[in-house]
Structures are given as C-alpha cells and as structure tokens.
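Per chain, numbering begins at 1; letters A, B, ... match sequence-line order.
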Number of protein chains: 2
Amino acid sequence: MVRALNFDEQEQRKKKVLQFLVHEYVRTGKPVASKSIAQSSRLGLSPASIRHVLFELERDEIVMHPHTSAGRVPTDKGYRMYVDSLIDLQRLAVQEETRIRSEYDRRIREIEDVLTHTSRILSSISHYTGFVMTPKFERNILSHLELIPIGERRVLVAMITESGLSKNFVINTQLNLSRERLYSIAKIMIASLKGLTLQEAQLKLVQSIESAEQEYREISSLAKEIGQEIRKFSDSELYMDGASNILSLPDFTNTTELHDLFRIMEEKQLLTNILTDEFSDAPANAEPKKQSKKKEHLPSTRAQATPHVHVRIGAEHPVKELQNLSLITTTYKLSDQTVGVLGILGPKRMEYSKMIALVDYISQMVNQFLEKHDSK
Amino acid sequence: MVRALNFDEQEQRKKKVLQFLVHEYVRTGKPVASKSIAQSSRLGLSPASIRHVLFELERDEIVMHPHTSAGRVPTDKGYRMYVDSLIDLQRLAVQEETRIRSEYDRRIREIEDVLTHTSRILSSISHYTGFVMTPKFERNILSHLELIPIGERRVLVAMITESGLSKNFVINTQLNLSRERLYSIAKIMIASLKGLTLQEAQLKLVQSIESAEQEYREISSLAKEIGQEIRKFSDSELYMDGASNILSLPDFTNTTELHDLFRIMEEKQLLTNILTDEFSDAPANAEPKKQSKKKEHLPSTRAQATPHVHVRIGAEHPVKELQNLSLITTTYKLSDQTVGVLGILGPKRMEYSKMIALVDYISQMVNQFLEKHDSK
DNA sequence: TTTTAGCACTCATATTAATTGAGTGCTAAA
DNA sequence: TTTAGCACTCAATTAATATGAGTGCTAAAA
C-alpha cells in the first residue's frame, strides 16, 4: 500500500514530466514516449504511471498526440509553462561569451556597424534568424540641422539627433539661396526645433507654413520640403541576418509554410510592426496600467530571472505566418532610454534557455557599446 | 523514294525541333516526347523521324534524357542556342508596358526611390527575383565636399558626386575646429579633389598625409580620417526583391539547392561580384580587345535584336550556387555613362523572350528617368 | 489509493511486389 | 529518307503486407 499523494506532489510530478519531455523533444525532435521518460528521468516510475500523468497533461492541453501510436509533443501552452516556470536559465558557454565580447571589443568600431554586426552575431550563434530594429527615427530628438547649397537650387539637409544618428537628404528649392542665407535660415529653424522629436519637428514645420509671415517666405518653402522629407525617414530600420538558416531546419518541410515565412522576411514592414509592438511593451518607461490593459488576455511573457527578455511562442502572436515560430526579443538602451529591439526568430522547438541567455547577453553588449560611444 | 536532304535543310529541321521543344518544355515543365513534337509542330513528320532528329541533337548535347523512357529536355547548350538564334523576340504586352510606364511617371518621385522600385517592378512582373545594382561609389566623380562641425570634435562630412548621389558620415577629429576653419579646409580639399573619382580622391588624400607641410597639419589629420571612411562606402549597393518568388517555383524541390540559393541572396557580396563582372563586360565604353580576351572561352552572350541584354544560362556562370538558374542583365546609363546593372534571376526554364523584353524595357525606363532627373 | 504488469488495439512507416504506360531504340519495309 | 512496328526500359503508381512503437484499459499487486 502506498500513501496518498497530495495535490502539490501531483503538480510537482506533472511539472517534472513536462520538463523532461520538453528537453527530450527539443533534443531529438521526435515525439517522446512514456517509456523513455520512465527510463531516463529520475522519477522512479513505470511507463504506465507516466502514461497516467501524460493523460492528465494532455487533458489540460499541455502536451499532445500527433497520432494514436506516437509519443507526446508539447503544445504552445506547454512550451509557455516550460518557459515561465520550468526552465533552468543558464549562461552562455564561456567560449561563446568570449567570442561575442571580442566581436564588440575589437571588430566593431563604428556606431554604424553595430546593428548589422549584431544581427549577424545573433544569427550565427543561434543558427536561426537574428534581427535588430532601430527605433523610429521620428522619435529621436533633433540636435543639429544644417543646410548646405549644392549646385543650382539644390540644398543638402543634414539632421543629427542626440543619439548621434545622422540623416541627410537633398531637396530642391524654388529660390537660389546663398550659403550665408541658408546658414542663418538653419539657425532660425534649429532654434525653434531643437529638443523636439523629429515627429514634433515635422508637425511644427508644417504648421509654420500656415502662420508664415511675409518675411519668412523663403523659410516656409524650405520648411515644407523638409517636413515632407522627414516622413520618408520615419520608418524604422530593420537589420536581419540568417534567414536562410531557417531553410535547413528539419522543422520546416512544408513548402507553403516556408513561402509564407520568406514573404515575411521580405516584407520587412510586417516584421517591423510586430517588433514595434514588442517595443512599446518594453517595461522601461511604460506605465504598468496601459500595459496590463493591452495584454490582459495574453499569458505572461516574462521568464523569471531575465525580466527583460520577451518570449512569444507560436500562436501567441497574432500574425498567421509566425504561428509555427517563436520570437525571442529584448530591448536595448542608450542613456537610459529604450531605443530599439533585437532578438531572434526560430522554430518553436528551440533551446529556450540558451536562446534567452544569448539575447540577453547580446543586448548587454549592445548597451555597453552604445554607452561607450555615446557622444552626448 | 524521297529526295535527299541537303545539309542546310537538316540544320533547319534541327532548329525547328529545338525551338518547339524549348517552347513546350518552358510551357509544361515536363520532358517533351517525340510524339508531341510530331503532332503539334508543323513539320509533317512522324514521331519516328523526330526521334531521329532528337537523337542527333542529343549527340550534340543540345538536348538530354532524364531517363530512358522519358522525353527530351534542353541542356544549357540547348537553351543557349535557342536564345542566340531561335528566339522570336517579342515586346511586352501593352498593358504591362503601360503599367510599368505609369509607375515611373507617377509613383516614383525621387531619385532615391528609383532603385528599390525598379527591383520591385522587375520581380513583380517576372515573378522571379529582380535586382538593381548601383555602381561602385568609388567610381563616381566628386563634385562637392562639405565639412560641418557637430558637437565636440565631431565633423559631418558630406560628399556629393556629379551624378547627384550624396554620401555622408561623421568623423572624430583631434582638434576642435571652427565652422569657418572647416569651411576653408573643405575649400582647399575640394580644389584638389574635384573632378577625381572617389577612388582617386581617396588615394590623393592618403598621399597628402605624407607630403604634409607643417601648416597643413590639421588638414592632413582630417584627410586621413576621410580617406579611411571612403573605403567603407566603396561597396556597390544591391537592391533585391522577390527572392521568395523562387520558393514557389516547381523547379526547386531539392532543399539543399534552395539553401544554397538563399545563402547567395543573403551574401549580397557574392551576387555583387557576379554583377560587377557583367558590368565590366558592358559594351558601352569597353575596348573590344579586352573584352574578347576575357570571354573567348565563353559562348556569345548576345541575343540578336537587343544587343544590350546579357543572358547567362546555368553553368555558364562559374558560381556553383547559380548553376540551376539563369541570369538576365543589362546596364543602365546616366548622361551616356554606364552607371549600374539591373536584371532578374530565375530558373533556367523561363520565358526568355518575355524576360529579355522586360529587362530591356525597364532599363529604358530607368535611363529616361535618370535623364530627366539629372542635375548636372 | 496508487502503481504496474499485461495485453489488445491503432496507426505511421517501411518493404516488397505487381502493374502500368509513356517513351525510346532499332529494324525492316515503304 | 521516312515510317510502321515492336521489344525493351524504367519511373511512377498502386496494392499488399509486415513491423513495431506507443497507447489505453483493466485487473492485480503494493
């Protein structure tokens, strides 16, 4: 006769089974049988007992059956449970950390390179798709504005933000303005625009047209042109690398799935939108209220120990094309302000522990790098 | 008794058979049988006779057998023969021409947009991958140089080329230079650099360091920085669109092939090199000697009626990953100088006639567009 | 009450065999 | 030179069979 199990012990057992099952499935890619759990885990139970536990997990939709005579596979909900409370967070292998660190210390010199390199490193270590998104430029704060005549009726506009990014474009003007005149116009403009985000600046430029006084005709014409151009640059930039890694995954045999996937990678706009959502969910400066309001129907996306890393599993994100994938993201900062999102996109069946560690570590590196090169 | 065929008549018959075979194969994607050629072509011959002709074509490696009991399929050599002398060049459908033209007339406003839009149009009409490559920036001729102080020891360098492209970057300086000082330095620099290609300019900047006289210390330090930066921008830029179209092609079932292919698209550098080769083969200003020297082992790459469009079929290009694809390219010009390459990348089994027409037409559009917006 | 051994049942997967038919190559007659 | 006729080949399809991994259930053991 065996003493009765209390509720907690039952739950504990379920969790251990799930944990082992996820590990095993991630390792092998094949549905996991009761027998293999009984043998390899240290529960000291027979396959039949394990089957009983599995039955309950299946009833709760935490694992599933591909077909009658197959083992079990975790569902999205199962992965979620694993990530939320069963994962044993690990650090990256020392050699990997060293490798990454040396990339940032030695290879990357310029602030312009950090984005492309980061997505490359992410993809090369994860073997999935790595990406880095810069914030919408329009959220940046303007700090310099220069107008330089180049040739007939053409003016080069150079804008520099506080974070050190620069954007430039050429506009056509109606009048032929001298270098000196342009300089003083720029001075007037920057006086009223400095410290504004680009978005605000754009608004102001457009408004200034309407309230333009006679003497500022010239300025207003220029302002209009510049205001229009800013829109063009308002898109976020998305760097991606390793998209082809997805192709070699055994998880994707279905061709139409693949096609969907690549369409996404080409339509960067779509992924940008998705990431922008992650961005706005960033804990940094968001009031908790708004956040909980928006997300209340979604399960928690926080792993215990690394609160900054978001994990979205399969159908948890609403975009159809991503429902067989998992998205691991985090934000990065510049002088305490969140300025972008980075992460990886891979199959649901991935080593979450390692990938979370990777994304976390890389974001630290990026933060440090930006800190060091901050020009302010 | 039937009269003997002379040599010419035999050749003529071979060609007709090949032509029909290519059409049919491109249309259906299945190996073409002697019977279907006999029935549908207007040669009035029996399958047996056709088989005789096919036997000879096979001996010459113009067609091949996937296996004993299958019909024939053109080889690379067969496609080459078709493209060189059997193709009946057609124009695009009127509605397609109209659509394209209206894109260039209405949708594309800025010279910066023309490249992305062009690759998009190419891919959307061909259903393959469209691309546009800008020339190496370093070949461009410098026309303006501006140095603008932004913050402490940071200088924005703006370079404008004769073709109207602008490149900008920020450099760090040792000294704090005033706006006026920078302006006069820029004046000195541009005086000696104007009219040079960027490559030459870079060289000159580096040299000037060595010969630097005492009074020009400041300049030489700046020149060094600028010279180094120019290297970074010397890469050609490559715009690509529709890579995912390739996935939906029935021609690619093999996964490893696909993987290779996408690696190429990611490693833009590789494709850039390939296209740079096409670029340097451009007939525009190349002395015939050099060209024939380089290409003498390769078959002619000219279709009769559109001498500017290059066609590379399968193994004709040396890059392994492209050996199951065909590359159709042409160059585009600005004020009579070839400045870039554009085209499509698709399966060997494609409608060459239409694709050649497409690439040709698009390049005309681009030429016209650039002409119209030329600022010189 | 919990665990487990035992066994029947299911169903994906692999293997083998048999069939089909499209298309060829060859030959001999027209 | 052309073609009808025919044997032959071989990919592709279909069917039949076997295998076995893994489950669900039950009844006995702990």
Side-chain angles (χ1 to χ4, degrees), chain A residues 1-14 16-17 20-21 24-25 28-60 62-75 250 253-254, chain B residues 1-14 16-17 20-21 24-25 28-60 62-75 250 253-254:
Chain A
M1 178 101 173
V2 187
R3 77 176 176 79
L5 291 181
N6 64 31
F7 182 75
D8 262 11
E9 283 168 325
Q10 272 194 32
E11 284 303 300
Q12 213 52 40
R13 179 176 291 178
K14 276 190 193 176
K16 284 207 171 147
V17 168
F20 184 83
L21 187 141
E24 200 60 13
Y25 182 61
T28 66
K30 296 189 200 313
V32 184
S34 57
K35 198 171 139 194
S36 84
I37 298 179
Q39 280 175 354
S40 317
S41 75
R42 305 241 182 84
L43 290 168
L45 293 173
S46 75
S49 307
I50 299 292
R51 278 206 288 279
H52 187 63
V53 179
L54 287 173
F55 177 80
E56 293 183 352
L57 287 175
E58 187 164 5
R59 192 198 49 205
D60 299 342
I62 289 167
V63 299
M64 62 162 285
H65 250 171
H67 58 84
T68 354
S69 67
R72 301 312 207 285
V73 162
T75 62
T253 45
N254 187 339
Chain B
M1 180 102 175
V2 187
R3 76 177 177 78
L5 291 180
N6 64 31
F7 181 76
D8 262 12
E9 282 167 327
Q10 273 195 30
E11 284 304 300
Q12 212 52 39
R13 178 175 291 179
K14 277 189 191 175
K16 285 205 169 148
V17 169
F20 184 84
L21 188 142
E24 199 61 12
Y25 182 63
T28 65
K30 297 190 199 315
V32 184
S34 58
K35 198 171 139 194
S36 84
I37 298 179
Q39 279 175 355
S40 317
S41 75
R42 306 243 181 82
L43 289 167
L45 292 174
S46 74
S49 308
I50 298 292
R51 279 205 288 280
H52 187 63
V53 179
L54 286 174
F55 177 81
E56 293 184 349
L57 287 174
E58 188 164 5
R59 193 199 48 207
D60 298 343
I62 289 167
V63 299
M64 62 162 285
H65 250 172
H67 58 83
T68 353
S69 67
R72 298 321 205 280
V73 161
T75 62
T253 45
N254 187 340

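With D:dA11, C:dT3, D:dG24 as the candidates, the nucleotide lying closest to the side chain of B:His67 is D:dA11. The side chain of B:Ala48 lies closest to D:dT3 when the candidates are D:dT23, C:dA5, D:dT3. Considering only the side chain of A:Ser46, C:dA5 comes nearest among D:dT3, C:dA5, C:dG25.
Counting to the nearest Å, the P atom of C:dC26 and the CD atom of B:Glu58 are 11 Å from each other. The CZ-C1' distance, from A:Phe55 to D:dT23, rounds to 12 Å in whole Å. Rounded to whole Å, atom P of C:dT1 lies 12 Å from atom NE2 of A:His52. Between the CG atom of B:Leu54 and the C1' atom of C:dC26 there is a distance of 15 Å, rounded to whole Å. Between the CZ atom of B:Arg72 and the P atom of D:dA11 there is a distance of 15 Å, given to the nearest Å. Protein atom NZ of A:Lys30 is 17 Å distant from nucleotide atom P of D:dG20, rounded to whole Å. At whole-Å resolution of the value, CD1 in A:Ile37 and C1' in D:dA21 are 14 Å apart. Put simply, CG on B:Leu43 is 15 Å from C1' on D:dT1, counting in whole angstrom units.
When the side chain to side chain donor-acceptor pair (under 3.5 Å) test is applied to A:Ser36, no partner is found at least two apart in sequence or on another chain. In terms of the side chain to side chain contact (heavy atoms under 4.5 Å, CB included) criterion, residue partners of B:Thr28 (sequence neighbours excluded) are, by chain and number, B:Glu24, B:Lys30.
Counting heavy atoms from C-beta on, the side chains of A:Val32 and A:Arg72 never come closer than 4.5 Å. Contact check for B:Glu56 versus B:Arg59: side-chain heavy atoms found under the 4.5 Å cut-off. Looking at heavy atoms from C-beta onward, B:Leu57 lies out of side-chain contact with B:Leu21 at the 4.5 angstrom threshold.
Phosphate proximity of D:dA11 to B:Thr68: absent, as no side-chain N or O sits under 4.0 Å from OP1 or OP2. OP1 and OP2 of C:dT3 both lie 4.0 Å or more from every side-chain N or O belonging to A:Arg51.
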>> One pair to check against side-chain contact (heavy atoms from CB on, under 4.5 Å): B:Val53 and B:Lys14. What are the steps and the verdict?
In response: CA-CA 6 Å; B:Val53 179; B:Lys14 277 189 191 175; 4.0 Å; yes
> Where do B:Leu45 and B:His52 land on the side-chain contact (heavy atoms from CB on, under 4.5 Å) test, with the steps shown first?
Replying inline: CA-CA 11 Å; B:Leu45 292 174; B:His52 187 63; over 6 Å; no
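Counting non-hydrogen atoms under 4.0 angstrom, B:Ser69 reaches a base of the nucleic acid. Residue contacts for B:Ser49: at a heavy-atom cut-off of 4.0 Å it reaches a base atom on one of the strands shown. Counting any heavy atom pair closer than 4.0 Å across all strands shown, B:His65 reaches sugar-phosphate atoms only and no base atom.
Rounded to 10 degrees, the angle between the two end axes of the helix from C:dT1-D:dA30 to C:dA30-D:dT1 is 20°, with five pairs used at each end.
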